[in-house]
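Note sheet for the following structure.
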Amino acid sequence: MNKLAQVGEGRWHLPQHAHIIVYEAEKGDELLTIYDCGAAQKPPSAQVIGNLVRVRSEHELDRTVTGYIVKMRERSVLVEQDADHFVIVPE
């Protein structure tokens, strides 16, 4: 279900106002659900199972009962560090 634009091997473009919903599981796994914009009434652009290790781009973080929401404030890139670890860096 990954509809994000790829910008290299294991690298995907995130729009400036992307929202990443991170659901935390008891075993330490996470489900990342990525939306192009929090205000848009569209289905998610991608869902990834893995761990969001770090966000280096400008963002806001909101804690929820089931995990947290990362609200991006600049164009960024989702980078796959290995099979199940991801970071977000400025574009």
Legend entry - Side-chain heavy-atom pair I20, I88 within 4.5 angstrom cut-off: yes
Legend entry - Hydrophobic cluster membership, L14 vs I69, 4.5 Å side-chain cutoff: no
Legend entry - Minimum side-chain heavy-atom gap I49-D84 below 4.5 Å: no
Inset, instruction - Using the rule that two of Ile, Leu, Val, Met, Phe, Trp, Tyr join whenever any of their side-chain heavy atoms come within less than 4.5 Å, decide whether V79 and V53 are in one cluster. - result: yes
Inset, instruction - Check Y68 against R63 and note the closest heavy-atom contact, atom names and distance. - result: CD2-NH1, 3.5 Å
Inset, instruction - Ignoring hydrogens and angles, tell me if any N or O in the side chain of E30 forms a donor-acceptor pair with the backbone of L52 under 3.5 Å. - result: yes
Legend entry - Separation of H19 NE2 from D36 CG (nearest 0.5 Å): 11.0 Å
Inset, instruction - Please lay out, stage by stage, how E74 and E91 fare under the test side-chain contact (heavy atoms from CB on, under 4.5 Å). - result: CA-CA 8 Å; E74 68 177 315; E91 190 171 58; over 6 Å; no
Legend entry - Neighbour count >12 (heavy atoms, 6.0 Å) for atom NE2, H17: no
Legend entry - Salt bridge present between R73 and E58 (N-O < 4.0 angstrom): no
Legend entry - Path from L61 to Y23 over hydrophobic side-chain contacts below 4.5 Å: no
Inset, instruction - Give a yes or no on whether V22 and L78 share a hydrophobic cluster (residues Ile, Leu, Val, Met, Phe, Trp, Tyr; joining criterion: side-chain heavy atoms under 4.5 Å apart). - result: yes
Inset, instruction - For residues S57 and P90, report the shortest heavy-atom separation together with the two atoms involved. - result: OG-N, 2.9 Å
Inset, instruction - Would you please test E60 and M72 for side-chain contact (heavy atoms from CB on, under 4.5 Å) and show each step? - result: CA-CA 7 Å; E60 292 179 27; M72 301 310 302; over 6 Å; no
Inset, instruction - Flag yes if V70 and L31 sit in one hydrophobic cluster, no otherwise; membership is Ile, Leu, Val, Met, Phe, Trp, Tyr, and two members link when side-chain heavy atoms are under 4.5 Å apart. - result: no
Inset, instruction - Specify the closest pair of heavy atoms between W12 and V7, including all atoms of both residues, with the distance to one decimal. - result: N-CG2, 4.0 Å
Inset, instruction - Look at the side chain of S45 and the backbone N and O of Y35, then say whether any donor-acceptor pair between them is shorter than 3.5 Å. - result: no
